[in-house]
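Scroll down for the structure; my scribbles are underneath it.
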Amino acid sequence: MYKKTRQKKAIMDVLKATSSHPTAEWVYDQVKKEIPNISLGTVYRNLKMMNDTGEIKERYFRDGIGRFDARIDNHYHFICELCGKISDINEPGNNNLNSVISEKTGLYINSHSIEFTGLCTECMNTGEM
Ligand SMILES: [Zn+2]
Ligand SMILES: [Zn+2]
């Protein structure tokens, strides 16, 4: 039991320390530094479980790879078209939009997501466009 708690905590700490929306493999590489004998399967199972319980959120972006986000509130994302970096947009999600679209379409809207795309500041500064 203690082992499981420790694994989960290490995974949570890694996720909370980044805003890069990492894949399970990336999380695994980081957690290994703390728990060298942990397996990718264990990390993956924990991430899935934490998503099921709502502690973290698994999100899919344009590359279709499951990525994990310690932020579970409704927020928007920015994806750099050049380097592919995914970052949070610090603009609160507009939950009102769900009911507006619900009313217009008669659909039951649960959530929505917005992805902004363009160039991140690092890519803009390299000037190699
Ligand atoms: Zn970029
Ligand atoms: Zn996010």
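Side chains are part of it too, since the values below use all heavy atoms of this structure and drop only hydrogens, waters and symmetry mates.
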List the steps, then state whether salt bridge (charged side-chain N to carboxylate O under 4.0 Å, His left out) holds for Asp13 with Lys9.
CA-CA 6 Å; Asp13 287 348; Lys9 193 187 173 298; 2.8 Å; yes
Please walk me through it: do Cys120 and Cys83 pass side chain to side chain contact (heavy atoms under 4.5 Å, CB included)?
CA-CA 8 Å; Cys120 74; Cys83 68; 3.9 Å; yes
For the pair Met124 and Thr121, evaluate side chain to side chain contact (heavy atoms under 4.5 Å, CB included) and give the outcome as yes or no after the intermediate values.
CA-CA 5 Å; Met124 268 190 301; Thr121 42; 4.0 Å; yes
Would you please test Asp29 and Lys32 for salt bridge (charged side-chain N to carboxylate O under 4.0 Å, His left out) and show each step?
CA-CA 5 Å; Asp29 281 341; Lys32 252 194 327 193; 3.8 Å; yes
Walk me through whether Thr18 and Gln30 qualify under side chain to side chain contact (heavy atoms under 4.5 Å, CB included).
CA-CA 11 Å; Thr18 181; Gln30 304 300 308; over 6 Å; no
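Heavy-atom minimum distance, Glu58 versus Gly66: OE2-CA, 3.5 Å. Leu119 approaches Leu82 most closely through the heavy-atom pair CD2-CB, 3.9 Å. For Thr117 against Arg62, the heavy-atom pair with the smallest separation is CG2-NH2, 3.1 Å.
Grouping the Ile, Leu, Val, Met, Phe, Trp and Tyr side chains by contacts below 4.5 angstrom, directly or via other members, places Tyr108 apart from Val100. Clustering ILVMFWY residues whenever any of their side-chain heavy atoms sit less than 4.5 angstrom apart, transitively, puts Leu107 in the very cluster that holds Ile101.
Listed by chain and number, the hydrophobic cluster partners of Phe61 are Ile79, Ile86, where partners are ILVMFWY side chains within reach of under 4.5 Å, directly or through others. When hydrophobic residues (I, L, V, M, F, W, Y) are linked wherever their side-chain heavy atoms come within less than 4.5 Å, the members clustered with Phe116 are Tyr76, Phe78, Ile89, Ile114. Side-chain heavy-atom separations under 4.5 angstrom define the hydrophobic clusters, and the remaining members of the one that includes Val31 are Ile11, Met12, Val14, Leu15, Trp26, Val27, Tyr28, Ile35, Ile38, Leu40, Val43, Leu47, Met50, Ile56, Phe68.
Judged purely by atom type and a 3.5 angstrom limit, Asp88 has no side-chain atom pairing as donor or acceptor with the backbone of Asn90.
Separating the CE atom in Met49 from the NZ atom in Lys4 is a distance of 7.0 Å, to the nearest 0.5 Å. Between Arg59 atom CZ and Ser113 atom OG the span is 8.0 Å, to the nearest 0.5 Å. Here the straight-line distance linking atom CD of Glu25 with atom OG1 of Thr23 works out to 4.5 Å at 0.5 Å rounding.
Using cut-offs of 30° and 60° for the angle between ring planes, the His75 and His21 rings count as tilted.
Crowding of Lys57 atom NZ: a count of heavy atoms from other residues, nucleotides or ligands under 6.0 Å not exceeding 12.
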